[in-house]
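Keep in mind the model is a prediction, meaning the values are calculated, not measured. So that the names make sense, note that chain A is the first sequence line, chain B the second, and so on, each numbered from 1.
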Amino acid sequence: MDSSEQLRAEDNQSVVSRMQKNYWRTKQVFIKATGKKEDEHVVASDAELDAKLEVFHSIQETCNELVKIVEKYQLRLNVISEEENELGLFLKFQAERDSTQAGEMMDAAGKALCSSAKQRLALCTPLSRLKQEVATFSQRAISDTLVTINRMERARTEYRGALLWMKDASQELDPDTFKQMEKFRKVQNQVRNSKDSFDKLKKDVCQKVDLLGASRCNMLSHSLTTYQRTLLGFWEKTAQMMTQIQEACAGFHPYDFLALKRLQDTPGNLTADCTEGQTEGSCLTTDLNKVALSEEEEEERFEREPAVARALPRDSLEGDDFEKEFSFLNSLLSPTSSSASEFTQECQPACGSPCTGLTSQEPSVGPGSLTSSSQFLPSQLFDLGLHADGAFNTPNNGNQDMSAWFNLFADLGPLSNPDAIGHSDDELLNA
Amino acid sequence: MTYAYLFKYIIIGDTGVGKSCLLLQFTDKRFQPVHDLTIGVEFGARMVNIDGKQIKLQIWDTAGQESFRSITRSYYRGAAGALLVYDITRRETFNHLTSWLEDARQHSSSNMVIMLIGNKSDLESRRDVKREEGEAFAREHGLIFMETSAKTACNVEEAYINTAKEIYRKIQQGLFDVHNEANGIKIGPQQSITSSVGPCSPQQNVSDIGPDSGCC
């Protein structure tokens with residue numbers, strides 16, 4: 001019966017102890033949860049541990065941020081590479097349609113840009129590895145440390161709860177009172193056990209955080225070395241390509257605008273240039289360029305400055321009329337094949353279509369005199385007049401045209417030799 | 001066992017200065033180089049003879065770790081004497097004396113006798129605090145001063161007994177109200193018997209426990 005009572009007493013005591021332990025632990029949890037002021041000395045004794053926890057949280061946060069930043073960086077690398085490649089392709093496409101030095105330059109630059117775009121994508125490989133390693137580090141090393149930290153925090157709560165209990169038991173402590181000492185010894189054991197547990201976990205946490213910091217340094221050092229090497233290689237190659245292009249294009253002549261030269265030229269100068277010994281081909285090429293420039297300039301000016309455009313055709317018309325008058329006079333004075341050839345070349349810059357017609361008819365005619373005769377046919381003269389009139393719509397242009405018409409017939413006075421005219425007709429009939 | 005008075009002592013100071021070793025050497029006359037950290041408080045007691053009176057010393061050996069600081073403040077109440085201990089080989093323990101002294105003044109009777117103890121005097125080659133510095137600190141703050149070695153037992157008994165003598169002297173001077181337990185002094189059963197019997201009590205012949213000497 002005594003044994004039974006003793007067992008019952010022990011059970012009660014055990015239950016009471018557990019209740020008291022849970023009570024003080026809950027009180028500590030409550031203090032922590034409500035943010036109440038903790039015992040300053042208890043907090044101070046954990047200063048080193050709390051400093052380690054701050055280091056851990058910093059590592060945790062910065063690793064998460066790093067993964068996000070690397071991801072953004074990769075996306076932007078892809079975008080810039082794509083844009084770079086498109087620009088390169090565009091330049092190459094335009095280069096195929098341009099046979100000038102500018103085309104060569106565009107082709108080289110286009111190829112360099114496409115190559116650069118491809119090499120830039122190579123940066124994604126070490127970046128992917130970096131991101132993967134940091135992510136793995138977070139999932140394993142940081143998570144494992146966090147597990148230990150959580151266990152430590154539970155032990156800390158237990159220990160601080162036990163300290164609260166001991167503080168309460170110390171209020172009316174008397175070593176000569178057995179009951180009080182019994183209670184105190186119970187609390188003391190609880191404190192000792194929870195302190196041992198907490199101290200061990202505290203040590204584990206401090207060691208793990210130190211190890212975590214060191215291993216992160218090692219990981220980043222290794223990954224970033226690879227990335228750095230790849231990046232420097234890419235920069236070096238790109239710089240080298242651009243330097244080569246610059247050197248290759250060093251001799252290229254900058255683009256000149258020759259439009260103004262057209263306005264300064266006069267028919268006299270033009271004739272002088274041709275007669276100064278230049279080859280016919282060279283002269284023709286120059287004339288064609290001038291025509292092209294003149295047309296471009298007229299278009300540009302007509303679009304941008306209508307007032308200026310209005311004045312230009314008049315100048316051009318005057319030039320044309322003068323040339324035609326001069327050429328006809330030349331033909332009359334010296335009707336030779338050489339003269340006809342010069343007339344054709346001179347006429348082309350002014351009005352291409354009629355000159356082409358004359359050129360095509362020349363072989364079929366044969367004799368020089370016959371050619372001269374055909375030029376004086378009324379129908380041809382009438383065509384020239386219509387063409388000139390069609391080119392320019394203004395009344396002033398019409399007036400000038402009439403004047404030219406009268407001038408042409410003025411040369412054929414009634415006093416001229418009718419026999420010459422008849423002779424030409426006979427030759428035509430013979431042909 | 002009967003005694004005339006019970007004096008409550010409290011031993012305070014940084015962790016690791018040798019508080020528990022001082023207690024063990026005094027109560028059991030032995031030295032234990034490695035032992036567990038004190039949790040909260042440990043207790044010891046011993047009889048000493050002061051001027052023919054039997055005095056029971058009830059000694060509270062407190063935990064020096066910072067996390068127990070608030071708990072140990074409860075133990076100052078009712079202490080007649082305090083042993084304020086530092087380690088002569090660790091200057092920071094000497095530097096922290098001001099803080100411990102402040103706690104003692106704040107949580108105990110103003111008449112509490114405080115003995116400043118510079119422990120580990122056997123480690124002369126590693127001394128970090130001069131004896132003169134300890135003496136100056138004690139003089140400046142009105143404390144008794146001794147250097148001890150719990151290991152060699154040098155001055156250990158003297159420290160406890162000199163503190164008790166000072167307390168007894170204050171009782172004689174009327175500075176301690178022996179009927180107020182808050183002062184840390186309780187009248188023992190012998191005192192009552194003595195009063196009832198008179199000055200011719202035969203227990204006056206109890207043998208004196210003399211301190212060992214020759215350590216210095």
Engineer: Counting only heavy atoms not in Lys165(B), do more than 12 sit closer than 6.0 Å to its NZ atom?
Structural biologist: no
Engineer: Could you check Gln65(B), Glu66(B), Arg69(B) and say which one makes a side-chain hydrogen bond (donor to acceptor under 3.5 Å, both in side chains) with His41(A)?
Structural biologist: Glu66(B)
Engineer: Measuring from atom CG of Asp36(B) to atom CG of Asp196(A), what distance do you get when rounded to the nearest 0.5 angstrom?
Structural biologist: 8.0 Å
Engineer: If you count every heavy atom of other residues, nucleotides or ligands that lies below 6.0 Å from Gln173(B) atom CD, does the total exceed 12?
Structural biologist: yes
Engineer: Please find the pair of heavy atoms, one from Ile39(B) and one from Gln188(A), that lie closest to each other, and give the distance.
Structural biologist: O-NE2, 2.7 Å
Engineer: Quick one: closest heavy-atom pair of Arg185(A) and Val41(B), and the distance?
Structural biologist: NH1-O, 4.3 Å
Engineer: Test side chain to side chain contact (heavy atoms under 4.5 Å, CB included) on Lys195(A) and Phe68(B) and set out the steps.
Structural biologist: CA-CA 11 Å; Lys195(A) 179 174 170 55; Phe68(B) 293 105; 4.1 Å; yes
Engineer: What pair of heavy atoms forms the shortest contact from Val42(A) to Ser67(B), and how long is it?
Structural biologist: CG2-O, 3.5 Å
Engineer: Please determine whether the number of non-hydrogen atoms from other residues, nucleotides or ligands lying under 6.0 Å from atom CZ of Arg169(B) exceeds 12.
Structural biologist: yes
Engineer: Would you say Glu102(B) has more than 12 foreign heavy atoms packed within less than 6.0 Å of its CD?
Structural biologist: no
Engineer: Take atom CD of Gln172(B) as the centre, draw a 6.0 Å sphere, and report whether it contains more than 12 heavy atoms from other residues, nucleotides or ligands.
Structural biologist: yes
Engineer: Would you find a donor on one side and an acceptor on the other, under 3.5 Å apart, between the side chain of Arg77(B) and the backbone of Gln171(A)?
Structural biologist: yes
Engineer: Does Arg129(A) have more than 12 heavy atoms from other residues, nucleotides or ligands lying within 6.0 Å of its CZ?
Structural biologist: no
Engineer: What closest approach, in Å, do Trp60(B) and Leu173(A) show between heavy atoms, and which atom pair accounts for it?
Structural biologist: CH2-O, 3.3 Å
Engineer: Does atom CD of Gln132(A) have more than 12 heavy-atom neighbours from other groups under 6.0 Å away?
Structural biologist: no
Engineer: Can you tell me if CD1 on Ile80(A) sees more than 12 non-hydrogen neighbours from other groups inside 6.0 Å?
Structural biologist: no
Engineer: For Ile59(B), which atoms come within 4.5 Å of any heavy atom of chain A: side chain, backbone, both, or neither?
Structural biologist: neither
Engineer: Could you pull out the closest heavy-atom pair between Asp176(A) and Leu6(B), with the gap in Å?
Structural biologist: OD2-CD1, 4.1 Å
Engineer: Which atoms form the tightest heavy-atom contact between Gly40(B) and Met166(A), and what is the distance?
Structural biologist: CA-SD, 3.7 Å
